[in-house]
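Inspection log for the structure reproduced underneath, given as structure tokens.
Each chain gets a letter, A, B and so on, in the order the sequences are listed, and its residues count up from 1. Both backbone and side-chain heavy atoms feed into the values below; hydrogens, waters and symmetry mates do not. Computed from a prediction, not measured in an experiment: that's the story for all the values here.
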Amino acid sequence: MSRDLLDKSYSPKAVEKRWYAYWEQEKLFAADDNTTKKTYSIVIPPPNVTGVLHMGHALNNTMQDIMCRYRRLKGDSVLWMPGTDHAGIATQNVVEKKLAAEGTDRHQLGREKFIEAVWEWRKEYGNAIINQLKRLGASCDWERERFTMDEGLSRAVRKVFVQLYDEGLIYQGNYIINWCCRCHTALSDLEVEHEDLDGHFYHIRYPYADGSGSVVVATTRPETMLGDTAVAVHPEDERYADLTAEAVILPLMNREIPIVRDAYVDLSTGTGALKVTPAHDPNDFDIGARHDLPSVKVIADDGSMTDAAGRFKGMDRFACRKAVVEALEAEGLLERVEPHRHSVGHCYRCKTVVEPNLSRQWFVKAKPLAGKAIEAVETGKTRIIPESWTKTYYEWMFNIRDWCISRQIWWGHQIPAWTCQSCRKMIVAMDAPDVCPDCGSTDLIQETDVLDTWFSSALWPFSTMGWPEQTQLLKAYYPTSVLVTGFDILFFWVARMMMMGIHFMKEIPFHDVYVHALVRDEEGKKMSKSKGNVIDPLNVIDQYGTDAFRFTLAAFAAQGRDVKMSEKRVEGYRHFINKLWNAARFSLMHIDKSYDSIDEKNISLQDRWILSRLNRVARQTEEALDAYKFNEAAGAVYQFVWHELCDWYLEAIKPTLYDKAGGEEKAATLSVLWHVFKEALILLHPFAPFVTEEIWHSLPGTDGSIMQAVWPDHIQPGNDPAAEAQMETAITVITGIRNVRGEMSISPSTALSVVVHPEDSETDAVVESNRDLIVNLARLSAITVDAAMERPKAAATVLVNGATVYVLLEGIIDFTQEQARLEKEIGKLSKELSGINKKLGNEDFLKKAPPDVVDGVREKHAALLEKQHALAATLERVKDMMD
RNA sequence: GGGCGGAUAGCUCAGUUGGGAGAGCACCGGCCUUACAAGCCGGGGGUCACAGGUUCAAGCCCUGUUCCGCCUACCA
């Protein structure tokens, strides 16, 4: 399978297609039901079946894929459960639009035909998002793909409904709910989006029934006054203490309605009098219940005014608002109108203004379920990460309200409740009953409402694994390891999965909940179609490749901070992927075979150093991934590959590799290069799955997919602090010489010669035994290491820890430049020294700071001082020569 | 109304037992050095939003202020 890597730059397209097909074909994403290994599982947040991949999905699924690929490399048996959500209202809306384009609508079709049409639609378009996830590299176990409306999940839904009903946790009743007049359905509180809008505050005068005067009430929705059934004042409101009238005449309707006293009324607002419309306001509904007031519904489900609205009957609610205001004005009862900014609820699907409306609906009693969901987080059984979200979670859970679960649409799980037409008995059952158990009638009619989409997604972690059957999969993979999600569905989904999982499985649904941030545009604005700032992930993938895109997402995904996405940034990471590609090209020019072990006897300093660094970075990457710090993990690998492996190691070994004679040293270096490169690919794989797989197959001695490789775990020889320190010394010397070259504008093609005066035996040994390394990387023609040798005259001086390096510049040196360079250096030192002097001059610091900190500062002070003196002396000499 | 997060280099942001201010991009200078110009080498650049406090020591802990985001709420 090995192929030659020839192209100078990496072209992702063909590579991605080829390897994704290979992974699927080799079933490398498949989870083993009967595994004996440690298991790791994630259920995907099911994208809407109507969805197209957006940045949110891209971030969310990249993170999950990184975790899954990482855990596989670590040796776990991994299940990443995929699927889609039927998305009741959203999907129904899409299909309705399609029907409208075809000149028909769902009512003409009828319920059954309409649902068929939705299934047809799903068959044709429902796989779009799945294919897009594949382009992202998602390693889901696709053969297990589930759909919230499939047979198994529907059965789970019915089972849950019946049990909750039997337990008294589901009930039906008349309450004020949020009503969307366009979608013709109830909405849960969460499905209402609030937006501050400029409106008006209408003050209306209601005359007392006994003719003794009038009272002014205020409202932002004057059309609702047609349904008023009382006026309320606070029982202790002195303004109304002496009020004799017991009723008012409702203007426009000429209906007499009572004045009630209720403590809900706020004494400090307006006139202290409140109009009460039990059918169209949740608070008024409560007041109505307390005072036994009738409810008059004046706004119909389609948003038009009902018969009860008198002469306004049939008008649209907003036209009616205008008409009511005009009528009141004509009668002189409109006291005044003030501009008023207030929050208005909108349907989260179609953005229509939501109407609080009295309606008979099904509800889940949430409080009894919330208790254990709170406890699970309090006791740490489920961790929410970052922790700051736990507070938000508690806040909502403690104040949870009953959940309206019925929807008046057609696409969804029809509520498994039947009413006997002869005795009115309600039968709630998993399967359609034939006869009424009470009266034996066969005339049974099923509830037409369907369930809230989130009802079925609340069961997702266990319903997808086969519940209510006690499957092997559930045994092996439930509870799941982590749920990765955006905070926008913390309540919609996560909280409800917690409640349902604990209630039905007697066990939390996930150990960790990782809450990630939003992807925004480069200015930090939320991406939206209307703003036109949407970046299409597929477009980015086409242009820069999946790996570069994934790396960008990971690198910018710092916890608790939104990801600002711009193509420019992706471009930067494309450079990185290309850098890796070229490092591979270079390495593979020399690597001719695989190496079982490393020849420890013949390895050089740079070999020991890179192996030590590799081990350290592997640990660092693990720690970061285990803590969901994707940016740190990506950063660690990036830094290692580019700035250590490529910039130093590959450059350092070039002379050895190009050595035609070969020998033991070359073989030893090749053994190190082979190991380090292989392990680096594995470290990179979770982030950049495609390019690493491609290179893997060209690397001699690899077998099968990189997905089946083993995460580097303490490679031998590994941690070598001495090698790291020695390399550090060499790097400092080399950088110092390069610095002289740069500052004095000496061309890289000019080979320089240096004299090194070591100040201690360790430095002496390091420089002496790594002469070749320094000569090579600093581009020298010669290096002399001798502390006793006379100080050269025409030279630039570089001070490093443990040595003075003289760069010989006979005929090249510009003393003015050298003077400037030294002065700059001394200036830097003085600045640093002044801070340290201040510290050491502080009695309290010496007395109270921990001794090791004080010692550290003293040592640093001494070193800086010495360096400063040496530089000052050098500067003096330079000045002398200029004279 | 309640809550959360942010303010650090020109830009985007890292930075937790409190002791060294950092990265990428951009910018400036030098290089086509046989993996890579999507590259290599070097460099400049910051009152860590403001005001106090705790501490020997604060970007980090505490209090307050300003500005910017977001979530949440039944104020007519």
Would you mind telling me which of [options] lies closest to the side-chain atoms of [X]?
X: Lys568(A); options: C40(B), C25(B), G15(B); answer: C25(B)
X: Thr220(A); options: G19(B), A76(B), G24(B); answer: A76(B)
X: Pro748(A); options: U33(B), C70(B), G15(B); answer: U33(B)
X: Asp266(A); options: G42(B), C56(B), A76(B); answer: A76(B)
X: Pro850(A); options: C74(B), C71(B), G19(B); answer: G19(B)
X: Phe845(A); options: G19(B), A76(B), G39(B); answer: G19(B)
X: Ala849(A); options: C36(B), A38(B), G19(B); answer: G19(B)
X: Arg585(A); options: C40(B), C36(B), C56(B); answer: C36(B)
X: Ser388(A); options: A76(B), G39(B), G5(B); answer: G5(B)
X: Lys275(A); options: G42(B), C56(B), A76(B); answer: A76(B)

Please classify the nucleic acid contact of [X] as base, sugar-phosphate, or nothing, using heavy-atom distances under 4.0 Å.
X: Lys847(A); answer: nothing
X: Ser587(A); answer: nothing
X: Glu651(A); answer: base
X: Val276(A); answer: nothing
X: Asp647(A); answer: sugar-phosphate
X: Arg738(A); answer: sugar-phosphate
X: Lys824(A); answer: sugar-phosphate

Quick one: [X] [atom1] to [N] [atom2], roughly how many Å, whole number?
X: Ile746(A); N: U33(B); atom1: CD1; atom2: C1'; result: 16 Å
X: Glu223(A); N: A76(B); atom1: CD; atom2: P; result: 14 Å
X: Tyr573(A); N: G39(B); atom1: OH; atom2: C1'; result: 18 Å
X: Asp488(A); N: U72(B); atom1: CG; atom2: P; result: 10 Å
X: Glu743(A); N: G30(B); atom1: CD; atom2: C1'; result: 12 Å
X: Leu657(A); N: U34(B); atom1: CG; atom2: C1'; result: 13 Å
X: Phe201(A); N: C75(B); atom1: CZ; atom2: P; result: 11 Å
X: Arg401(A); N: U72(B); atom1: CZ; atom2: P; result: 13 Å

Query - Ring center gap for Phe687(A) and Phe551(A) short of 6.0 angstrom - result: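 Distance test on ring centres: under 6.0 Å, yes.
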Report task. Taking the six-membered ring for Trp and the full ring for Phe, Tyr or His, determine whether the centres of His346(A) and Tyr348(A) are under 6.0 Å apart. Result -> no
Query raised in the report: Does CD belonging to Glu823(A) count more than 12 external heavy atoms closer than 6.0 Å?
Result: yes
Query raised in the report: So with a 6.0 Å cut-off around CG of Asn801(A), is the heavy-atom count from everything else above 12?
Result: no
Please determine if a side-chain N or O atom of [X] lies less than 4.0 Å away from the OP1 or OP2 oxygen of [N].
X: His194(A); N: U72(B); value: no
X: Trp581(A); N: G39(B); value: no
X: Arg779(A); N: C40(B); value: no
X: Lys391(A); N: C4(B); value: yes
X: Asn283(A); N: A76(B); value: no
X: His643(A); N: G24(B); value: yes
X: Lys828(A); N: G44(B); value: yes

For [N] and [M], measure between their [atom1] atoms and round to the nearest Å.
N: C25(B); M: G45(B); atom1: C1'; value: 14 Å
N: G52(B); M: U16(B); atom1: P; value: 26 Å
N: C41(B); M: C36(B); atom1: P; value: 14 Å
N: G44(B); M: A51(B); atom1: C1'; value: 32 Å
N: G59(B); M: G22(B); atom1: P; value: 13 Å
N: U17(B); M: G6(B); atom1: C1'; value: 25 Å
N: C11(B); M: C27(B); atom1: C1'; value: 11 Å
N: G15(B); M: C31(B); atom1: C1'; value: 34 Å

Would you mind checking if [Y] and [X] are paired as a salt bridge, meaning a charged N to carboxylate O distance below 4.0 Å?
X: Lys275(A); Y: Asp228(A); value: yes
X: Glu623(A); Y: Lys629(A); value: no
X: Arg221(A); Y: Glu355(A); value: yes

Query raised in the report: Under the 3.5 Å rule, do the base of C36(B) and the side chain of Lys8(A) count as making a donor-acceptor pair?
Result: no
Report task. Validate the cation-pi geometry between Lys838(A) and Phe845(A): distance from NZ or CZ to the six-membered ring centre under 6.0 Å, angle to the ring axis within 45°. Result -> no
Query raised in the report: Taking the six-membered ring of Phe491(A), is the NZ or CZ of Arg496(A) close enough (under 6.0 Å from the centre) and on axis enough (within 45°)?
Result: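 Judged by the rule (NZ or CZ under 6.0 Å from the ring centre, within 45° of its axis), Arg496(A) is not positioned above Phe491(A).
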Report task. Return the 5'-most residue of the pair Arg741(A), Ala583(A) with respect to RNA chain B, ranking by each residue's nearest nucleotide. Result ->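 Looking at RNA chain B, the more 5' nearest nucleotide goes with Ala583(A).
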Query raised in the report: Where each residue is assigned the nucleotide of RNA chain B containing its nearest heavy atom, which of Asp844(A) and Tyr264(A) is assigned the position nearer the 5′ end?
Result: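 Residue closer to the 5' terminus by nearest nucleotide: Asp844(A).
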Query raised in the report: Which dot-bracket string fits RNA chain B when only Watson-Crick or G-U wobble pairs with both atom distances under 3.5 Å count, crossing pairs get [ ], and | stands for a partner on a different strand?
Result: (((((((..((((.....[..)))).(((((.......))))).....(((((..]....))))))))))))....
Report task. Could you give me the CA-CA distance, side-chain angles and deciding distance for Asp547(A) and Tyr573(A), then say whether side-chain hydrogen bond (donor to acceptor under 3.5 Å, both in side chains) is met? Result -> CA-CA 8 Å; Asp547(A) 291 331; Tyr573(A) 286 96; over 6 Å; no
Report task. Give the C-alpha distance, both sets of side-chain angles, the deciding distance and a yes or no for side-chain contact (heavy atoms from CB on, under 4.5 Å) between Lys579(A) and Trp642(A). Result -> CA-CA 7 Å; Lys579(A) 183 78 182 173; Trp642(A) 197 320; 3.5 Å; yes
